[in-house]
J.: 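Below you'll find the structure I mean.
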Protein chains: 2
Amino acid sequence: MQTSSGPAARRTAYERLRDLVLTDPAIQGTFLTEGDLVKRFGLSRTPIREALIMLASDGLVDLIPHRGAYIRPSDDREIRETMEVRQMIELDTARQILDSGETPVAVMDDLYRQQVELPVSPDTIPDFISLDQRFHASMVDAAGNRVLSDIYTRLRVKHVRFGISATWTSADRPTQVLDEHSRILEALKSGDYDATAAAIREHIAQTQNLLLSR
Amino acid sequence: MQTSSGPAARRTAYERLRDLVLTDPAIQGTFLTEGDLVKRFGLSRTPIREALIMLASDGLVDLIPHRGAYIRPSDDREIRETMEVRQMIELDTARQILDSGETPVAVMDDLYRQQVELPVSPDTIPDFISLDQRFHASMVDAAGNRVLSDIYTRLRVKHVRFGISATWTSADRPTQVLDEHSRILEALKSGDYDATAAAIREHIAQTQNLLLSR
DNA sequence: CTAAGGTGGGTTGTATGCAAACTTCGTCAG
DNA sequence: CTGACGAAGTTTGCATACAACCCACCTTAG
């Protein structure tokens with residue numbers, strides 16, 4: 001995933017383009033041309049081209065010469081593969097955290113509490129998603145491996161493309177997620193790797209099922 | 001890691017720039033300006049700028065506004081973190097391969113044989129490195145997870161930046177690597193995960209030690 | 001009717017001009 | 001001697017012009 005610093009126009013183009021790809025299901029499977037984006041964003045081709053190149057590096061679009069940027073729809077295979085990698089990383093992280101003996105879960109605890117206190121309503125779904133993302137990211141960060149954290153961040157971007165937000169619209173999903181997060185936290189605090197691993201597997205399996213059944 | 005397809009000038013700029021960053025230790029810690037590269041490559045700024053953006057996405061350079069592209073020297077921490085992630089991926093892959101019951105090591109076998117038959121000389125070091133890279137990549141590919149394979153490919157690029165080629169100049173290193181690869185292969189064929197994991201850990205530990213002691 | 005060939009429209013690829021921003025270095029006051 | 005200040009030079013950021021290329025459509029010969 002790209003950092004968000006840098007020049008203004010390119011940054012704007014990158015962020016708007018990313019949000020477009022990630023949040024508009026209608027453009028999946030279509031080609032975006034630079035001309036379209038010039039009209040849509042009111043920027044010149046240069047920053048748009050450069051943003052497209054960054055998006056392509058993130059794996060969010062495919063640049064087809066003389067055709068445009070293809071927004072590849074996510075398929076079940078990619079979802080399964082991504083979830084497999086995510087599980088591998090989270091399980092490995094849990095192992096490292098528990099082996100280190102320190103179990104630094106203060107940040108996760110705080111994020112969990114914030115999520116508990118969040119009222120359940122359509123308006124708060126983005127907040128739920130943000131806290132969810134930060135909850136998991138903080139666990140991986142706790143392992144203290146920046147290379148791993150970067151990879152994990154890139155993976156999370158894919159979740160959005162997979163339509164993760166739709167999985168939160170079900171009325172009981174927030175409660176369920178909180179419960180699953182709680183189990184992960186408690187298992188970590190107890191220092192029990194097998195219980196932690198089971199909780200993580202369960203959480204990811206639930207997410208994957210929801211993503212695949214859309 | 002970027003794919004190598006696409007337009008000619010940008011592709012040229014990307015590949016030459018990548019090779020420059022990966023093979024010239026003298027430019028580590030320096031800034032490359034677009035003007036330098038225009039003179040060096042004989043291309044206009046546009047393809048060079050776009051190649052720099054791709055390199056930055058690969059994590060090989062840092063783009064500093066109005067300063068240039070900083071070639072960050074690799075440090076011990078990054079080497080250790082990369083090796084940790086590499087080990088996580090290879091161990092997970094081994095587990096998946098063995099769990100699948102198929103153990104498709106034909107490609108690895110072939111690559112191993114080619115490496116055995118390679119004469120040991122300074123001229124063949126690039127071939128050793130290429131076969132080594134393909135040996136490990138084919139193991140990860142055998143897991144059949146494209147998302148994982150992509151991540152692994154990106155990681156391997158870092159190895160080059162870490163100066164992996166220098167680890168092959170020692171007279172007995174090729175023999176040692178062949179021995180370690182042989183142990184991994186045999187363990188995989190025997191279906192013994194613990195033995196496979198031990199062989200992989202040993203191989204990565206040896207590599208890491210050589211990289212750190214440079 | 002079919003297939004081959006050409007032509008036009010549209011899209012990206014590359015080069016370049018200009019503006020803005022930053023760095024650097026010299027100068028000067030304290 | 002040190003630090004602030006300013007001006008010049010350098011570098012990137014953005015815009016735009018033109019070239020190259022691809023594709024789709026139409027025409028035409030068989």
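Below, chains carry the letters A, B, ... as their sequence lines are ordered, and counting in each starts from 1. Below, all heavy atoms of this structure are taken into account, side chains as well, without hydrogens, waters or symmetry copies.
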J.: Go through residues 35-48 of chain A and report each residue with a non-hydrogen atom lying under 4.0 Å from DNA chain D, sorted by number.
T.: A/Ser44, A/Arg45, A/Thr46, A/Pro47
J.: Nearest-Å distance, CG (A/Leu63) to P (C/dT12)?
T.: 9 Å
J.: What residues form a side-chain contact (heavy atoms from CB on, under 4.5 Å) with B/Glu180, not counting sequence neighbours?
T.: B/Arg173, B/Gln176, B/His203, B/Gln206
J.: Do any N or O atoms of the protein come closer than 3.5 Å to N or O atoms of nucleotides 20-26 of chain C, and which pairs are they?
T.:
none

J.: Sort and list the pairs that fulfil ring pair (Phe, Tyr, Trp, His ring centres under 6.0 Å) and have at least one residue in residues 66-121 of chain B, not counting sequence neighbours.
T.: B/Phe31-B/Tyr70
J.: Given atom CD of A/Glu34 and atom P of C/dG10, what is their separation to the nearest angstrom?
T.: 16 Å
J.: Applying ring-ring contact (aromatic ring centres under 6.0 Å, His included), can you list everything that pairs with B/Phe128, at least two apart in sequence or on another chain?
T.: B/Trp168
J.: Nearest-Å distance, CZ (A/Arg49) to P (C/dT11)?
T.: 14 Å
J.: Under the ring-ring contact (aromatic ring centres under 6.0 Å, His included) test, which residues partner B/Phe135, sequence neighbours left out?
T.: B/His181
J.: So, does A/Asp58 use its side chain to make a donor-acceptor pair with the main chain of A/Leu60 at under 3.5 Å?
T.: no
J.: Rounded to the nearest Å, what distance is computed from the CZ atom of residue B/Arg10 to the P atom of nucleotide D/dA20?
T.: 18 Å
J.: Does A/Thr207 reach the side chain of A/Thr167, with side-chain heavy atoms less than 4.5 Å apart?
T.: no
J.: Measure from CD on A/Glu50 to C1' on D/dG13 and round the result to the nearest Å.
T.: 8 Å
J.: Hey, is the main chain of B/Ala8 close enough, under 3.5 Å, to the side chain of B/Thr12 for a donor-acceptor pair?
T.: yes
J.: Atom OH of A/Tyr70 to atom P of D/dC22: distance rounded to whole Å?
T.: 21 Å
J.: Between B/Ser130 and B/Asp132, does the side chain to side chain donor-acceptor pair (under 3.5 Å) criterion hold? Intermediate values first, please.
T.: CA-CA 5 Å; B/Ser130 171; B/Asp132 183 72; over 6 Å; no
